[in-house]
Q: 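Pasting in a structure now, in structure tokens, and then I'll have a few things to ask.
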Amino acid sequence: MNVKTVAIAADHGGVELKSTIISALKDRGIEVFDLGTNSSESVDYPDYAKVVAQSIIEGKSDAGILVCGSGIGMSIAANRYPEIRAALAHDRLSATLSRQHNNANVLCLGARLVGDLLALDCIDAFLSTEFEGGRHALRVAKMS
Ligand code: RB5
């Protein structure tokens, strides 16, 4: 995926991992839109999934990253938007397959379940893997 801009957001459970991810993305030369949250005060993950989804839908971002405690709430919330294909990944292969087979445009991570290095490995796979198209494109189209 040719990603130049990434929208990222987290709830209170993912705010620290979000900072680590933003540094890594900037090191890759990617423009990052940090859409919050930026404190440990409790917030609601659907609000943050929404702003990242909107950024992609409006064409401001090529891809999105969402972090919460488990990654589950963010993935459920983000997939409410028809244009969004959000994948929850806890390992490099899942992140790779989310691109190859599902053309995922949002990666969800669970900050309480994965360490920093594993999270960054998932992001590397997500950003560097192309959609394979073909039979997978037909399946992805059926979801639209
Ligand atoms: C917040 O405590 C937690 O529920 C949230 O980060 C996430 O794990 C929800 O799916």
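As the structure lists them, so they are numbered: ligands from 1, and atoms in each ligand from 1. These numbers come from a predicted model, not from an experiment.
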Q: Taking the side chain as everything from C-beta on, heavy atoms only, tell me whether Val32 gets closer than 4.5 Å to Ile65.
A: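 Not in contact.
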Q: Can you pull out the closest protein heavy atom to atom 10 (O) of ligand 1? Residue, atom name and distance to 0.1 Å, please.
A: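 Nearest neighbour among protein heavy atoms for atom 10 (O) of ligand 1, to 0.1 Å: Gly73 N, 2.8 Å.
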Q: Can you find a protein heavy atom closer to atom 8 (O) of ligand 1 than 4.0 Å?
A: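 Flag for atom 8 (O) of ligand 1 set to true, protein heavy atom closer than 4.0 Å.
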Q: Looking at ligand 1, does Arg112 have a heavy atom less than 4.0 Å from it?
A: yes
Q: Is there side-chain contact between Phe131 and Met1, with heavy atoms separated by less than 4.5 Å?
A: no
Q: Among all protein heavy atoms, pick out the one at the shortest distance from atom 5 (C) of ligand 1; state its residue, atom name and that distance to 0.1 Å.
A: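 Nearest protein contact, heavy atoms only, for atom 5 (C) of ligand 1 is Asp11 OD2, 3.1 Å.
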Q: Would you mind telling me which of Val140, Ile56, Val106, Asn102 makes a side-chain contact (heavy atoms from CB on, under 4.5 Å) with Arg85?
A: Val140
Q: Using a plain distance cutoff, I'd like to know if Ser70 has any nitrogen or oxygen under 3.5 Å from a nitrogen or oxygen of ligand 1.
A: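 Yes; at least one N/O pair falls below 3.5 Å.
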Q: How far is atom 1 (C) of ligand 1 from the closest protein heavy atom, and which atom is that?
A: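 Ranked first by proximity to atom 1 (C) of ligand 1 is His12 NE2, 3.5 Å.
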Q: Indicate, with yes or no, if Leu127 and Leu109 share a hydrophobic cluster defined by side-chain heavy-atom contacts under 4.5 Å among Ile, Leu, Val, Met, Phe, Trp and Tyr.
A: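 In one cluster: yes.
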Q: Is the backbone of Asp62 close enough, under 3.5 Å, to the side chain of Thr5 for a donor and an acceptor to pair up by distance?
A: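 Yes: the side chain of Thr5 pairs with the backbone of Asp62.
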Q: Looking at Arg92 and Asp121, is there a salt bridge between them, counting it only when a charged N and a carboxylate O are closer than 4.0 Å?
A: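 Yes.
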Q: Looking only at distance, does Cys68 have an N or O less than 3.5 Å from an N or O of ligand 1?
A: no
Q: At a 4.0 Å threshold, what atoms of ligand 1 neighbour a non-hydrogen atom of Gly69?
A: 5 (C), 6 (O), 7 (C), 8 (O)
